[in-house]
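Written out below as C-alpha cells is the structure these notes cover.
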Amino acid sequence: MEYRPAELDAKWQAYWREHRTFSAEFPSDKPKFYVLDMFPYPSGAGLHVGHPLGYIASDIVARYKRHRGYNVLHPMGYDAFGLPAEQYAIQTGQHPAITTEANIARYREQLDRIGFSFDWGREVRTCNADYYQWTQWIFIQLFHAWFNEASGKAESIDTLIAHLAAQGTEGLRATHHGDPACTPEEWSNFDAAEREAFLQQFRLAFRSESVVNWCPALGTVLANDEVVDGRSERGGHPVVQKPMLQWSLRISAYAQRLLDGLDSLDWSDSMKETQRNWIGRSQGARVRFGLPSIEGEALEVFTTRPDTLYGVTFMVIAPEHPMLASLTTDAQREEVEAYQEASARRSERDRQADTKTISGAFTGAYASHPFTGAPVPIWTSDYVLMGYGTGAIMAVPAHDSRDYAFAKHFDLPIQAVVAGGDLAAESYDAKEGALVNSDFLNGLQVKEAIERAIVEVEARGLGERRVQYRLRDAVFGRQRYWGEPIPVAYRDGVPETLPLEELPLVLPAVDAYLPTEDGEPPLARAAAWQSREGLPLETTTMPGWAGSSWYFLRYMDAQNDGAFAAKDKVDYWNQVDLYVGGSEHGTGHLLYSRFWGHVLKDLGHIPFAEPFQKLVNQGMIQGISAFVHRLEGTQTYVSSDALQGRKSQRIHVDVRFVNEKDELDRDGFKAWLPEFAQATFEPADGPIKLDREVEKMSKSKHNVINPDAICADHGADALRLYEMFLGPLEQSKPWDTKGLSGVTGFLRKVTRLMDKRSADAASKDELKTLHKLIEKVEKDMENLSFNTTVSAMMIAVNEWSGQTSISTSTLREFAILLSPLAPHLAEELWEQLGGATSMAYVPFPVLNPEFLVEDAIQYPVQFNGKTRFFVEVPTTNTAAEVEALVRAHEKTEGYVDGKTIRKVIVVPGRIVNVVVG
RNA sequence: GCCCAGGUGGCGGAAUUGGUAGACGCGCACGACUCAAACUCGUGUUCCCCUGGAGUGCGGGUUCGAUUCCCGCCCUGGGCACCA
C-alpha cells in the first residue's frame, strides 16, 4: 500500500460529510460526553497553525469517546459579533455582516481540511437573530431578577416586590447599589417611575450612573477585563474614567459563589488562581468615623486591619467621593476643586503609570476617631479609588506603605501600633508582632487584635464585620453597532423590557456605523428605532461577551424556535465534560459564563450552575521569526556572519523566504515588498545567513505557518499528529516545520506494514507490543498526554516493522488505536482490512494483561548507586535468590575491589544496589 | 511587591507512590540503495582530560539510591496590583 494523504483526506472527509457520521444522537441510551472548544472569532487573518491545536486535542478525545461507546456532543460555531468587523465597516462602509460571513467561510474551509469530527448540524453564530433572540431573552431574565442574600440565590423580582409591599426594606437582605430604603406605605405610594428607579437598585440587569472605562478612540465604554494596563484590549487605545448612565450586570452578587464554585471544578491551579485574584476577596470591617462638622453624618471606611485603628493619623477620600464637596471648608475649597479637576483629567493609564508621584489636597475637615474621639484630618487623593470599598480609607502610615509615602510627602504624623520594623525607613506592613499604643489591644498579636477590634467595633455600634470583593459589576452597554440590541424600551423615560413575542429585536440598518452628531450610539441613526407600541428603544448594544456566555447551551438544541434549548436536551447533555481553550479568557469569558450559569440555575432554567466541569488551556504555538541585518541608513543586507561589528538593524523577513539552512531567498525577498526592491547584498553572491528567534506567531512578525499549506503538502493526519507530538498540550512550544518528517515517516511506515499482513494468528511478541500500546493509549487519553501517545505508536510500529509479517487482527486493532489521532489513514486501513462502514464507532480494543507478562527481568546492578552491569533473572525468583545470584556474579568481585559488601538492596522487579565500603 | 506554573542533550521533549536520566522525533555524522539527487533503509549521537569521571537552573540536606522529597537562592512565563 502506498501512502497518498491528499487522496485519503478528500475521500474520507467526503464520506463523513455524506453519511453525517458525527451527528450526536438524541434521545440516546448511551452515556453522554460533551467536549467543547472555545469557538473562534472569525478574523480576517484566518487560522494559523497555533489555532487548531486545541481543536485537534478535543477532536482526539471526541473520537476516542465514540470508540468507548459514548454519545458525543462535539460542536463548533462562531463568536461573530465584535469590534474588528465593525472597525472595518467604519472604514469601508461595508456591512459587518458581509465581512463576517466571508471570514466564516474562510474559517470553515480551513477547519474542514483538518478532518474534525464536528457535528456541523449544530453550528451557531452569535450574530444570527435566531441565536441572539435568546441572548436577549436571557437579558430579560436578568432584568426581572434580584439576588436574595437570605436564600443565597437569584429570585424573580416579584418576590422582592411582595417583600417591599408587605414590609418595605425591613428585614430585606439583597445585593444592591445605592442606598435603597422604604416603608410599605412609601412603596405603595411610589408612582411608576419611582418604583422602577427603586427596583433598578436590585435588578441583576440594571442601569446606573457610575464611573466607567470610556475609550474615546473606540467610542464606547469597556468592562474591566477589556482594559489592559489602562488601554483597550482591542487596539490599545487610551481609556479614561468617566461617570455615565450605563447598563450593567450585577455579577458582584455572585462573587462568593463564583469563588466557592472553583473548588468543585477540574481546572488548572493557575486558572483558578487567576479567577480568585480577579474576584479579590478580602475580609475586614467597615468602620464609621463621626463628622462633627456635619450633623448626623459619618465617614465610612473599609479596612482589613482594624487592629491598627489606634495608628490612624489621617483619612483619605477619593476625589470622586460624593461627600467631598460638603466636607471641604471654604478656605480649602479652591485647592480641593483644582485637585479634583486635575485628577479627573488623568487617564487610567497615567494614573497607573505614575503611582510614585504623590498628590492630594487637604479638605480642611476633621473626623473624630471612633475610639479616642481625637480629631483626624481628612484629605483627598487619587490613590484612593471610588470603585472599591467605600471610596474612603483610614490611613495608618506606620503599617501601610501607601499611607506611609503620603504621610512623608505631606509631613503628617506616623504612629506605630505594631512592634517591629524601622519606621524611620519604611512602614511595617507585616501582619506579625504585638500591638502597642493601642489601649485594650496592647500585647495582642496582630491576628488576635484584628478579631478583638472587630468585636469591639460591632459592640460599640461603630461598624460591622465585612467581606469586600474587588470584582465590580460588569458594564453591559456598548455605544457600538455590531452587537446584540438590548431589548429595552422607554416609557416616559422609564426602562421596561420588550414583550417576549417582540424578540428577536433585530439589529436595524443604519446609514453609517458611527455615533450621531449628538454623540448618540449608531443605533440612534436607525429609522423608527422604536418598539411595536411606538416606544423609543435602547440604543446601546451588548458587549462581545454576551453571546459567548451561554453558547454551550445552544449547541444542545441549536434549531429550537421556542426556547434557548429544550429542557430534556439540557438535562441530558448537562455540563460540558471537557472544555478546551486559551488561558487568555480567564477573567472575561470564563467568569461571565459561570455567572450566567449560576443565574440560569437559580431561576430554574438549567440543572447545573457550573458550565465547564473540566477545563484545559492549550499552550501557544510560537513561530520562529527570521531577521536579516541591514546596515544602518543603507539598502545593504548583510549575512549575519559577515557583520564584523558594524551597526545594523534587524528586519523581519517572511519565513517563506528562508531555506532550511536559515539562508535568504534573495529574489523572493526583493519581490516581497517594494521597499526591498533595490536591496543589495553582502556578500554579493554567497549565502545570506539570517538570525532566527522564537516569538509569538503573528502576521506582523511574518512567522505565520498556515495549516492549509501543511495539509496540502503532508496531509491532515500529519498535521494532527505533529501538533500533538510537539509536546504537552498545555505548554507553549515553537513550531518547526522540519520536524514534520518524523510523523510523515511514521505514517508511511504504517502503510508499509500493510504489505506484511498475513492471515496467520498473531505472534506472542506482536501481541505484547499491541497490548503495551493499548495500555499506554488508554492512560494517555485520560491525561490528554497525546505527545506520548504518538511516541508509543511509533515504538510499536518500529517493533512490528522488524517482524517479517503481522497478522490482520493486530492491524485491525491498531487501526482503531490510531483513529482518534490520524482518522483518515485509520479509516483507509480499516476499509482495506475488510471494514464495511466507517470505523468511527467500532469498540476500542480490550486490554488483555496476560500478554504483558514477562518471563524474565533484566535487573540493573548498581554498586554504591552506579549501574555497572545487568543480570537476567526469571520473574519467579525471590529477592534472596537475586541477591545470591549477584553476589556470585563474576563481575561483582571487580567492583567490590577488595572492600566489604555492607548491604545488598533488592527491589523486586526493579533494581539491585550493592553497598560497598 | 504578592500569587501560580515551569527550568532536563544542538532542538521539541520522555521518565516523578524515590529505583538503568535522555524514550520518541528533529538535526547532525557515517554507511547502503542510486549515474546522481530526492525518497527509503541501517549505524552512531549528553558532556569531558574517555579501562574512568561529571551530569536534570544554582547551593545545601535526607537516603543504599534524588530529575522526583526538604531548606535557601537564581532565572523564565503567566495572573493580580495605590484594592485599603
Side-chain angles (χ1 to χ4, degrees), chain A residues 229 268-282 284 301-305 308 315-316 351-352 354-358 381-385 387-396 399-403 405-406 429 468-472 583-584 586-587 617 619-620 624 660 694 721-722 725-728 730-746 748-749 752 785 787-798 801 858-870 894 902-917:
Chain A
D229 293 334
S268 71
D269 289 342
S270 56
M271 192 50 50
K272 288 186 180 184
E273 201 56 31
T274 297
Q275 295 225 332
R276 288 194 186 105
N277 281 339
W278 192 258
I279 294 167
R281 184 184 201 269
S282 49
V301 300
F302 172 71
T303 177
T304 56
R305 294 292 302 274
T308 60
M315 298 179 81
V316 184
R351 230 167 136 157
Q352 285 184 10
D354 146 57
T355 59
K356 296 209 170 59
T357 323
I358 291 151
S381 170
D382 62 8
Y383 87 87
V384 173
L385 307 176
Y388 184 77
T390 62
I393 62 154
M394 56 179 226
V396 184
H399 305 293
D400 181 290
S401 53
R402 297 153 304 182
D403 298 343
F406 194 82
D429 295 12
Q468 193 72 42
Y469 303 91
R470 202 184 70 89
L471 182 69
R472 312 290 164 80
S583 53
E584 67 274 19
T587 52
N617 302 114
M620 234 184 343
I624 305 180
E660 62 282 356
V694 173
L721 237 30
Y722 188 52
F725 187 57
L726 234 33
E730 286 99 327
Q731 203 168 297
S732 288
K733 55 248 158 183
W735 177 273
D736 182 3
T737 303
K738 272 185 276 194
L740 259 167
S741 63
V743 296
T744 52
F746 162 74
R748 264 195 217 98
K749 263 189 203 171
R752 251 180 276 131
S785 303
N787 54 328
T788 53
T789 311
V790 179
S791 311
M793 290 195 177
M794 287 173 168
I795 293 166
V797 168
N798 286 345
S801 297
Q858 281 264 330
Y859 275 97
V861 180
Q862 300 185 332
F863 288 80
N864 290 341
K866 299 226 175 288
T867 306
R868 299 300 184 181
F869 59 87
F870 297 88
R902 301 211 174 267
K903 210 199 271 185
V904 177
I905 291 145
V906 178
V907 184
R910 302 228 78 136
I911 205 166
V912 179
N913 191 12
V914 182
V915 186
V916 178

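Lettering of chains follows the sequences in order, A, B, ..., and the numbering in each one begins at 1.
- For the pair A/F725 CZ and B/A23 P, the computed distance is 11 Å after rounding to whole Å.
- Within the 4.0 angstrom heavy-atom criterion, no nucleotide atom of any strand lies near A/D736.
- Side-chain polar atoms of A/Y388 and A/S282 form a donor-acceptor pair below 3.5 angstrom.
- Glycosidic conformation at B/G57 (O4'-C1'-N9-C4 for purines, O4'-C1'-N1-C2 for pyrimidines): anti, more than 90° from 0.
- When rounded to the nearest whole Å, the span between CD of A/Q468 and P of B/A84 equals 9 Å.
- Across all strands shown, A/R868 has heavy atoms under 4.0 Å from sugar-phosphate atoms exclusively, and none from any base.
- Residue A/T788 places its side chain closer to B/A15 than to any other of B/A15, B/A84, B/G79.
- Within 4.0 Å (heavy atoms only), A/S583 reaches no atom of the nucleic acid at all.
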What's the verdict on side-chain contact (heavy atoms from CB on, under 4.5 Å) for A/N277 and A/R470, showing C-alpha distance, side-chain angles and the deciding distance?
CA-CA 9 Å; A/N277 281 339; A/R470 202 184 70 89; over 6 Å; no
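- Pair assignment for B/A23: none, as no Watson-Crick or G-U wobble contacts are both less than 3.5 Å.
- Note on A/S282: a side-chain N or O is less than 4.0 Å away from OP1 or OP2 of B/A84.
- If you check every strand for non-hydrogen atoms under 4.0 Å, A/S741 touches sugar and phosphate atoms only.
- Ring geometry, A/W735 versus A/Y722: the interplanar angle exceeds 60°, so the pair is classed perpendicular (tilted spans 30 to 60°).
- Around the CZ atom of A/R910, the shell of radius 6.0 Å holds no more than 12 heavy atoms that belong to other residues, nucleotides or ligands.
- Nucleotide B/A54 forms a Watson-Crick or G-U wobble pair with B/U46, both donor-acceptor distances falling under 3.5 Å.
- Between A/K272 atom NZ and B/A5 atom P the separation is 12 Å, expressed in whole Å.
- B/A32 is paired with B/U40 under the criterion used here, namely a Watson-Crick or G-U wobble arrangement in which both key atom distances are under 3.5 Å.
- Residue A/R748 places at least one side-chain N or O closer than 4.0 Å to OP1 or OP2 of B/U40.
- Counting any heavy atom pair closer than 4.0 Å across all strands shown, A/I795 reaches sugar-phosphate atoms only and no base atom.
- In this structure, the nucleotide among B/C64, B/C80, B/U20 sitting nearest to the side chain of A/V915 is B/C64.
- Rounded to a whole Å, the OH atom of A/Y469 is 13 Å from the P atom of B/A84.
- At the heavy-atom level, A/S401 lies nowhere under 4.0 Å from the strands shown.
- Summarising the geometry, atom CZ belonging to A/R472 is positioned 7.0 Å from atom CG belonging to A/L385; distances are rounded to the nearest 0.5 Å.
- In the set B/G25, B/C4, B/G12, the nucleotide with an atom closest to the side chain of A/K749 is B/G25.
- Between the side chains of A/K903 and A/N913, no donor N or O sits under 3.5 Å from an acceptor N or O.
- Distance A/R902 CZ to B/G65 C1': 17 Å, rounded to the nearest Å.
- One atom, OH of A/Y722, and another, P of B/G13, lie 10 Å apart when rounded to the nearest Å.
- Residue A/N913 places a side-chain atom within donor-acceptor reach of the base of B/C64, judged by atom type and a 3.5 Å distance cut-off alone.
- Within 4.0 Å of A/F406, counting heavy atoms only, lies no atom of the nucleic acid at all.
- Remark: the separation of the C1' atoms in B/A66 and B/U51 is 28 Å, to the nearest Å.
- Closest to the side chain of A/D269, from the set B/U20, B/G25, B/C4, is B/C4.
- Proximity note for A/N798 (side chain, C-beta onward) versus B/C24, B/C4, B/C80: the nearest is B/C24.
- The side chain of A/T303 approaches B/A84 more closely than any other nucleotide in the set B/C24, B/A84, B/C80.
- Pairing of B/A66, defined by two Watson-Crick or G-U wobble distances under 3.5 Å, is not identified with any nucleotide.
- A/S791 comes within 4.0 angstrom of a nucleotide base, judged by non-hydrogen atoms across all strands.
- With P as the reference atom, B/G18 and B/C69 are 8 Å apart, rounded to whole Å.
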Begin from the C-alpha positions of A/K749 and A/V797 and carry the test side-chain contact (heavy atoms from CB on, under 4.5 Å) through to its verdict.
CA-CA 7 Å; A/K749 263 189 203 171; A/V797 168; 3.8 Å; yes
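- Look at B/A14: it lacks any Watson-Crick or wobble partner with both distances under 3.5 angstrom.
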When you look at A/Y383 and A/F406, which way does the ring pair (Phe, Tyr, Trp, His ring centres under 6.0 Å) test go after all the steps?
CA-CA 9 Å; A/Y383 87 87; A/F406 194 82; 5.4 Å; yes
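- With both ends at atom P, the span from B/A21 to B/G55 equals 13 Å, rounded to whole Å.
- Put simply, A/N617 has no side-chain N or O that comes within less than 4.0 Å of OP1 or OP2 on B/G78.
- Remark: the separation of the P atoms in B/G52 and B/C41 is 36 Å, to the nearest Å.
- Within the 4.0 angstrom heavy-atom criterion, only backbone atoms of the sugar-phosphate kind lie near A/K866; the bases stay farther away.
- Residue A/Q731 is in sugar-phosphate contact alone, with no base atom involved, counting any heavy-atom pair closer than 4.0 Å across all strands shown.
- Here the C1' atom of nucleotide B/A81 and the CZ atom of A/R281 are 19 Å apart, to the nearest Å.
- In terms of phosphate contacts, A/N787 brings a side-chain nitrogen or oxygen within less than 4.0 Å of OP1 or OP2 of B/A14.
- Of the listed nucleotides (B/A84, B/G19, B/G13), B/G13 has the atom at the smallest distance from the side chain of A/K733.
- Checking B/G77 for Watson-Crick or G-U wobble geometry (two distances, each under 3.5 Å) identifies B/C4 as its partner.
- B/U46 sits 10 Å from B/G10 when the P atoms are compared, rounded to a whole Å.
- In this structure, B/G59 and B/C71 make a Watson-Crick or G-U wobble pair, each of the two defining distances being under 3.5 angstrom.
- In this structure, A/R910 reaches the sugar-phosphate backbone alone: every heavy-atom distance under 4.0 Å involves primed, P, OP1 or OP2 atoms, never a base.
- Using atom P as the reference point in both B/U76 and B/U8, the two lie 14 Å apart (nearest Å).
- The shortest non-hydrogen separation linking A/S583 to A/M271 is CB-CE, 3.4 Å.
- Separation of the P atoms belonging to B/G78 and B/G22 is 33 Å when rounded to the nearest angstrom.
- One P atom belongs to B/C73, the other to B/C3, and the distance between them is 12 Å to the nearest Å.
- The separation between A/I358 atom CD1 and B/A84 atom C1' is 16 Å, rounded to whole Å.
- Closest to the side chain of A/T867, from the set B/A84, B/U20, B/A15, is B/U20.
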